Amino acid sequence: MVTIKEVGSKSQLREFVKFPFELYKKSANWVPPIMADEMASFDKENNPAFKTARAWLFLAYSNGKIVGRVVAIINTLELERQNIKKMRFGWCDFIDDPEVSKSLMKKVIEMAQTHKMDHIEGPMGFSNLDKVGVLTEGFDSLGTMVTWYNHPYYAAHFEALGFRKEKEYFENTMPTSDADPSFFLRINKLVKKRFSLKEVNVSSKVELLEYVDPMFDLLDLTYAKLASYAPISPAQRDYIKKRFINFVDPEFIKFVVDENDRLIAFAVVLPSFARALQKAKGKLFPFGWYHLWRAKNRKKVDRAIFYLIGVHPDYQNKGVTAIIFNQYYETFTKRGVKTGIRTPELSDNLAARQIWKHVQPTVHKKRCTFRMDLQ
């Protein structure tokens, strides 16, 4: 018999965070989070996501042992501004037992009905910048610090419960050796001259922080047309700065400005911390910090993760990304990057496909969200 209990104490939250470490301990491609960071992300006083979202954490037990977990989420911005009556669910993990996944989803459905939502969808986090999707292809490829991993049986469980696929996401690899630098160099020069644009390279975190708020403003403009996108609040911006600044290498952040120094394009790339996080095993101490420090400060970087890219609507489809890619070609060559990896991108985002078409991307992972209508 499976019993569902709501997380109500710090010790239960710790068990909630620790569960995937047991579930995926034999998975070579799972990238564990830092447990302290994961604990902090569910702290209502620490994480500003709770100012615009409500969340309930649940654990599934069988014979006194934890066998699954899930978070039920209502994004109030989504509900109030877009009138989307959706109960999100995320951090959803379970053993290969249909009774467990059924019990977890039954609880999410109950929460949705209690709060008069008309459908549920997941897995997804509090906002658009959180992790998203059930992995459906690419289990044999190393994950990243900004994506969830799961066992291959997850999708079958959701389908058996009556869920349907809602949104599909692709993750691409881009071998840097396949890029033609002459193309980017030529288009880069033409576009800069035609639109009076210039690239900006920062060399320190102090310089970088000057561009962070304009970058978030531009991010909101870039993705405003996506139906599910909700603007990032000032408090969330500050939280993201604090959480990720230690992972950022300024040399991997690129900006493009116009003749008035207005930001019109940006890209955020992170060196891959996957292997370092695996070595850390979820703990900064005694040696986890050292593995992360080495990953951050090494001069040569094998893999780089394209985390975010944004272009002002007035400059989309005008070749501005050639300026960014030309910058990255130079940086990647200098730092020894062999593979670029794109984080999950909606499969029907045609504008995004245009951005990447000249770097010969190959889809190496697919994931999706699952939806169930309740009315």
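Any value given below was found using the heavy atoms of this structure, including those in side chains, with hydrogens, waters and symmetry copies removed. Every value quoted in this text rests on a predicted model; they were computed, and no experiment measured them.
- With Asn150 contributing its side chain and Leu135 its backbone, the two residues share a donor-acceptor pair below 3.5 Å.
- Within a 6.0 Å radius of CZ in Arg164, more than 12 heavy atoms belonging to other residues, nucleotides or ligands are found.
- The 12-atom threshold is exceeded at CZ of Arg262, counting heavy atoms of other residues, nucleotides or ligands nearer than 6.0 Å.
- Between the side chain of Thr144 and the main chain of Val146, a donor-acceptor pair closer than 3.5 Å is present.
- A distance of 6.0 Å or more separates the ring centres of Phe58 and Trp91.
- Side chain of Asn47 to backbone of Asp43: no donor-acceptor contact under 3.5 angstrom is found.
- The only member of Asp314, Val320, Leu221, Val257 that meets side-chain contact (heavy atoms from CB on, under 4.5 Å) when paired with Ile264 is Val320.
- Other residues, nucleotides and ligands contribute only 12 or fewer heavy atoms inside 6.0 Å of the CZ atom of Phe287.
- By the criterion of side-chain heavy atoms lying less than 4.5 angstrom apart, applied directly or through intervening Ile, Leu, Val, Met, Phe, Trp or Tyr residues, Val71 is grouped together with Phe158 in one hydrophobic cluster.
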Task: CA sep, side-chain torsions, deciding dist, call: Phe255, Tyr211, ring pair (Phe, Tyr, Trp, His ring centres under 6.0 Å) - done: CA-CA 8 Å; Phe255 302 108; Tyr211 287 91; 4.6 Å; yes

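- In this structure a side-chain-to-backbone donor-acceptor pair under 3.5 Å is present from Arg367 to Trp148.
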Task: side chain to side chain contact (heavy atoms under 4.5 Å, CB included) assessment of Arg371 paired with Ile120 - done: CA-CA 6 Å; Arg371 171 176 175 147; Ile120 63 177; over 6 Å; no

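- Comment: Glu78 engages Lys86 in a salt bridge, judged by a side-chain N to carboxylate O separation of less than 4.0 angstrom.
- Judged by distance alone, the side chain of His119 and the main-chain N or O of Ile84 form no donor-acceptor pair under 3.5 Å.
- Distance check: Thr369 OG1 to Phe163 CZ gives 10.5 Å after rounding to the nearest 0.5 Å.
- Of the charged side-chain nitrogens involved, none lies within less than 4.0 Å of a carboxylate oxygen, so that Lys198 and Asp258 do not count as a salt-bridged pair.
- In this structure, Trp56 has its ring center under 6.0 Å from that of His115.
- Leu79 and Met124 are assigned to two separate hydrophobic clusters, defined by single-linkage of ILVMFWY side chains at heavy-atom distances under 4.5 Å.
- Nearest heavy atoms, Gly125 versus Arg88: O-NH1, 2.8 Å.
- Taken from CG in Leu104 to NZ in Lys102, the straight-line distance is 12.5 Å, to the nearest 0.5 Å.
- In this structure the side chain of Tyr307 never reaches within 4.5 angstrom of the side chain of Val269, judged on heavy atoms.
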Open item on the list: For a side chain to side chain contact (heavy atoms under 4.5 Å, CB included) check, start with the C-alpha distance between Asn83 and Lys85, then their side-chain angles and the critical distance, and finish with the verdict.
Closed with: CA-CA 6 Å; Asn83 196 32; Lys85 297 180 179 180; 3.9 Å; yes

Task: Evaluation steps, side chain to side chain contact (heavy atoms under 4.5 Å, CB included), between Glu15 and Val7 - done: CA-CA 9 Å; Glu15 292 303 312; Val7 172; over 6 Å; no

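- Between Glu251 and Arg335, at least one side-chain N (NZ, or NE/NH1/NH2) sits under 4.0 Å from a carboxylate O, which counts as a salt bridge.
- Summarising the geometry of Phe139 relative to Asn29, their closest heavy-atom pair is O-ND2, 3.1 Å, with the distance given to 0.1 Å.
- Between the side chain of Asn326 and the backbone N or O of Ala322 there is no donor-acceptor pair closer than 3.5 Å.
- Under the 3.5 Å distance criterion, the side-chain polar atoms of Asn63 are left unmatched by any main-chain donor or acceptor of Lys65.
- Without hydrogens or angle criteria, Asp97 side chain to Glu99 main chain gives a donor-acceptor distance under 3.5 Å.
- Heavy-atom contacts from other residues, nucleotides or ligands closer than 6.0 Å to NZ of Lys205 number more than 12.
- When the side chains of ILVMFWY residues are joined at heavy-atom separations under 4.5 Å, either directly or via intervening members, Ile95 and Leu161 end up in a single hydrophobic cluster.
- Separating the CG atom in Leu13 from the NZ atom in Lys10 is a distance of 8.5 Å, to the nearest 0.5 Å.
- The environment of NZ in Lys192 is crowded: more than 12 heavy-atom neighbours from other residues, nucleotides or ligands sit within 6.0 Å.
- Ser127 has its side chain within reach of Gln236: a pair of non-hydrogen atoms, C-beta onward, lies under 4.5 Å apart.
- Between Asn46 and Ala40, the shortest heavy-atom distance links the atoms ND2-O, 3.1 Å.
- By the 30° and 60° cut-offs, the orientation of the rings of Phe94 relative to His157 is tilted.
- Leu284 and Met35 fall into different hydrophobic clusters, defined by Ile, Leu, Val, Met, Phe, Trp and Tyr side-chain heavy atoms under 4.5 Å apart, directly or through other members.
- For the residue pair His291 and Ala280, the shortest heavy atom distance occurs at CD2-N, 4.1 Å.
- Ionic pairing of Lys365 and Glu137 is not present here: no N-O contact between side-chain nitrogen and carboxylate oxygen is shorter than 4.0 angstrom.
- Crowding of Lys296 atom NZ: a count of heavy atoms from other residues, nucleotides or ligands under 6.0 Å exceeding 12.
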- [ ] Report the C-alpha distance between Phe252 and Phe306 in whole Å, list the side-chain angles of each, state the deciding distance to 0.1 Å, and finish with yes or no for ring pair (Phe, Tyr, Trp, His ring centres under 6.0 Å).
- [x] CA-CA 9 Å; Phe252 283 94; Phe306 279 86; 9.4 Å; no

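- Judged by distance alone, the side chains of Lys254 and Thr331 do bring a donor and an acceptor atom under 3.5 Å apart.
- With respect to Glu6 and Lys107, no salt bridge is recorded, no charged nitrogen being found less than 4.0 Å from a carboxylate O.
- Cluster annotation: Leu270 is connected to Trp289 through the hydrophobic network of ILVMFWY side chains, with a link wherever side-chain heavy atoms come within less than 4.5 Å.
- Judged purely by atom type and a 3.5 angstrom limit, Thr339 has no side-chain atom pairing as donor or acceptor with the backbone of Pro175.
- Although no hydrogens or angles enter the test, the distance criterion places a donor-acceptor pair under 3.5 Å between the side chain of Thr222 and the main chain of Val311.
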Open item on the list: What verdict does the ring pair (Phe, Tyr, Trp, His ring centres under 6.0 Å) test give for Trp30 and Tyr24, after you've listed the backbone C-alpha separation in whole Å, the side-chain angles of each residue and the deciding distance to 0.1 Å?
Closed with: CA-CA 7 Å; Trp30 176 60; Tyr24 300 118; 5.5 Å; yes

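- For the atom pair Met117 CE and Ile109 CD1, the distance stands at 14.5 Å (nearest 0.5 Å).
- Between Lys300 and Asp302 no salt bridge is recorded (no basic side-chain N to carboxylate O distance below 4.0 Å).
- With no hydrogens or angles considered, a side-chain donor-acceptor pair links Asp93 and Tyr154 at under 3.5 Å.
- Smallest separation of non-hydrogen atoms from Ala295 and Arg298: CA-NH1, 2.7 Å.
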TODO: Could you give me the CA-CA distance, side-chain angles and deciding distance for Val31 and Tyr149, then say whether side chain to side chain contact (heavy atoms under 4.5 Å, CB included) is met?
DONE: CA-CA 7 Å; Val31 178; Tyr149 184 82; over 6 Å; no

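- Counting heavy-atom neighbours within 6.0 Å of Arg294 CZ, excluding the residue itself, gives a total of 12 or less.
- Cation-pi geometry between Arg69 and Phe16 is satisfied (NZ or CZ under 6.0 Å from the ring centre, within 45° of the ring normal).
- With rounding to the nearest 0.5 angstrom, the CG atom of Asp217 is 10.0 Å from the NE2 atom of His312.
- The CZ atom of Phe170 sits 4.5 Å away from the NZ atom of Lys366 when rounded to the nearest 0.5 Å.
- Closest approach of Ala265 and Leu218 over heavy atoms only: N-CD2, 3.5 Å.
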